[in-house]
Amino acid sequence: MKKNIVLILLLMSLCVTGIVGLQLFWNYQNYQNTVKAFDHDINEALIKALDKERDQRQEQIVKRFKGWLADTSLITITANRNNRDSATVFYIQDTHPKFKGDKNRKTQFGLADFKEKLDHITPKAKAKLIEHFGERILKPDLKEGTVYYYTQMLGDSLEKVFSSSTTNPDRIALLFRQQLEAKNIYADFVLNPVRNDNLYLTRPVNTSFRKPYKKEFVDAGFEHQNRYFFKEIKWVIITSLLLIVITIGCFAYTVKTLLSQHKLAELKDAFINNMTHELNTPIASIKITAEALQAFKYSPDKQHEYLSIIAHQADKLSELTNQILTTEQVMNNVLVNKERVGVNELISKAIDDLRVQIEYRESCVDYIPATTAAYLNGDPDSLGKAIVNLLDNALKYSLGRPAVAIAVSTSLDHVDINISDHGIGIPQEYNRSIFEQFFRVPQGNLHDVKGFGLGLSYVKEVIEQHNGKIFVSKNYPTGSRFTIKLPLY
Ligand code: ADP
């Protein structure tokens, strides 16, 4: 039985440890995945934000470029055909060339989707050319990071604008925030932060127009990222912790129940052992005496003697059953008669009840009553029996001539009753168990002291039903001291 319980406990501990371990591992993985997803999302968001910001700047350059093309004081656009059937050819050149002759470059274009055949430029054709030039030719050039000199003036101006264009931190911050919010990330960040260990950093992104040859890096750092990660998986962690707590709680409760069941079974065995032992002697002697009465013809005197033996043993049996019954009654909370009870009278009566035993054991009972009369609101019978039980134990568990002291003291609202002996004492580890039903301190060869382990559980129940407390401590130099605290009337 014990082996089985140990095995079950071991298996249960293993299972609970496994469940808790798995939960923790799962939470850790979850955390790691959140960090990974966060890392991926913030880097992607930064790249997108920087792309957009670069696009916006390029868009502005294209717009300015279109303006230059449209401005006849800067650029002259002409159109004609090589012969009657061929497509229109456009020419772009500086209106005021910086260099004369060959160096005043004239760039020639044909537009694939321009079907009209023109001998000179028209406003519509010019607009179409400017649009085409800006969107289809310049934009891809800018994306590649190249500036072509279509004319000297266009090349110079473009180069100036292109080279002086730098990132706009405010716009990047705004775009980055938008990108993060699109990914449901609402964490605080700093662009190009000063490095420190508390920051979670993105990878730096080169946002220069002329990358990879020129470098203009932007990165972002996130503060309190753990707070963010926790927020993300808060409910998962809380649920998981709750499950862990419930599992451990159930485990602890099951272990407690299992152990108390086991203990109860042991106590029950001890009680049955005790009981059979206690019942055996009177039953055996009743049986033998009755059989002798049946078998032989005794004189009336002898018959009377035998019948007295039977009656005496029957009394013993009824005393035993009574003890069990009264304990059971108190346990079922059936204290009915509450009245004003004098503490000193209660104790004197208890000593009187045990007079025969006290004298038989040649005991010394030292009783110091309360200096002022103390009264309780209680049931005199059960309180009396409780005191008798404690006194009886003090005598029972003393070797030789018992010495018992009873002291009563009162305070403002309660009375203390101390019953101490110089008997065999109670090992400290049993200070609580002795008040449990059927419990008896294992006493090796001293176990000839009779009892069922019911007395103290009865006492405790009675005292608690009177809103009092009872506890045991060591008496010096030997023995035990039982202290009862009860509220005054
Ligand atoms: P029992 O019928 O065994 O006396 P109790 O409930 O009165 O049952 O006491 C429980 C156990 O506590 C006893 O078996 C005994 O081992 C221990 N005990 C109680 N009172 C004393 C005492 N005054 N001195 C030593 N041991 C005691």
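Each ligand, and each atom within it, is numbered from 1 in the order the structure gives. In this chain, numbering begins with 1 at the start of the sequence shown. Quick note: numbers below take in every heavy atom, side chains included, and nothing from hydrogens, waters or symmetry partners. Not measured: the values here are computed from a predicted model.
The 12-atom threshold is exceeded at NZ of Lys143, counting heavy atoms of other residues, nucleotides or ligands nearer than 6.0 Å. The environment of CZ in Arg432 is sparse: at most 12 heavy-atom neighbours from other residues, nucleotides or ligands sit within 6.0 Å.
Ranking protein heavy atoms by distance to atom 7 (O) of ligand 1, first place goes to Asn393 ND2, 2.8 Å. Among protein heavy atoms, the minimum distance from atom 8 (O) of ligand 1 is reached at Gly453 CA, 3.1 Å. Considering only non-hydrogen protein atoms, atom 5 (P) of ligand 1 sits nearest to Leu456 N, 3.5 Å. In terms of protein heavy-atom proximity, atom 12 (O) of ligand 1 is closest to Ile434 CG2, 3.3 Å. Nearest protein neighbour of atom 17 (C) of ligand 1, counting heavy atoms only, is Val441 CG2, 3.9 Å. The closest protein non-hydrogen atom to atom 13 (C) of ligand 1 is Tyr397 OH, 3.3 Å. Distance from atom 23 (N) of ligand 1 to its nearest protein heavy atom, with residue and atom name: Asp421 OD2, 2.9 Å. Among all non-hydrogen protein atoms, the one lying nearest atom 3 (O) of ligand 1 is Arg440 NE, 2.5 Å.
Those atoms of ligand 1 that come under 4.0 Å of a heavy atom in Phe439, given as number and element, are 10 (C), 11 (C). Near Ile426, with a cut-off below 4.0 Å to any heavy atom, the atoms of ligand 1 are 18 (N), 21 (C), 25 (C), 26 (N), 27 (C). Taking every non-hydrogen atom of Phe452 and a distance limit under 4.0 Å, the qualifying atoms of ligand 1 come out as 2 (O). The contact set between ligand 1 and Lys396, taken as ligand atoms under 4.0 Å from a residue heavy atom, comprises 1 (P), 2 (O), 4 (O). Here is the list of ligand 1 atoms found below 4.0 Å of a heavy atom in Leu454: 6 (O), 8 (O).
Of the N and O atoms on the side chains of Gln23 and Ser240, at least one donor lies less than 3.5 Å from an acceptor on the other residue.
We find that Asp51 and Arg54 are joined by a salt bridge, their nearest charged nitrogen and carboxylate oxygen being less than 4.0 Å apart.
If you run side-chain contact (heavy atoms from CB on, under 4.5 Å) between Leu486 and each of Leu376, Ile470, Val343, Asp416, only Leu376 comes through.
Using a 4.5 Å heavy-atom threshold, the side chains of Phe438 and Lys268 count as separate. Taking 4.5 Å as the limit, every side-chain heavy atom of Val404 sits out of range of all side-chain heavy atoms of Ser363.
Polar contact check, Phe482 against ligand 1: no nitrogen or oxygen pair lies under 3.5 Å apart.
Considering all non-hydrogen atoms of both residues, Gln465 and Lys338 come closest at O-NZ, 3.3 Å.
Look at Gly425 and you'll find a heavy atom under 4.0 Å from some atom of ligand 1.
A ring-centre distance under 6.0 Å is not found for Phe482 and Phe471.
Formation of a donor-acceptor pair under 3.5 Å by the Asn377 side chain with backbone atoms of Tyr489 is not found in this model.
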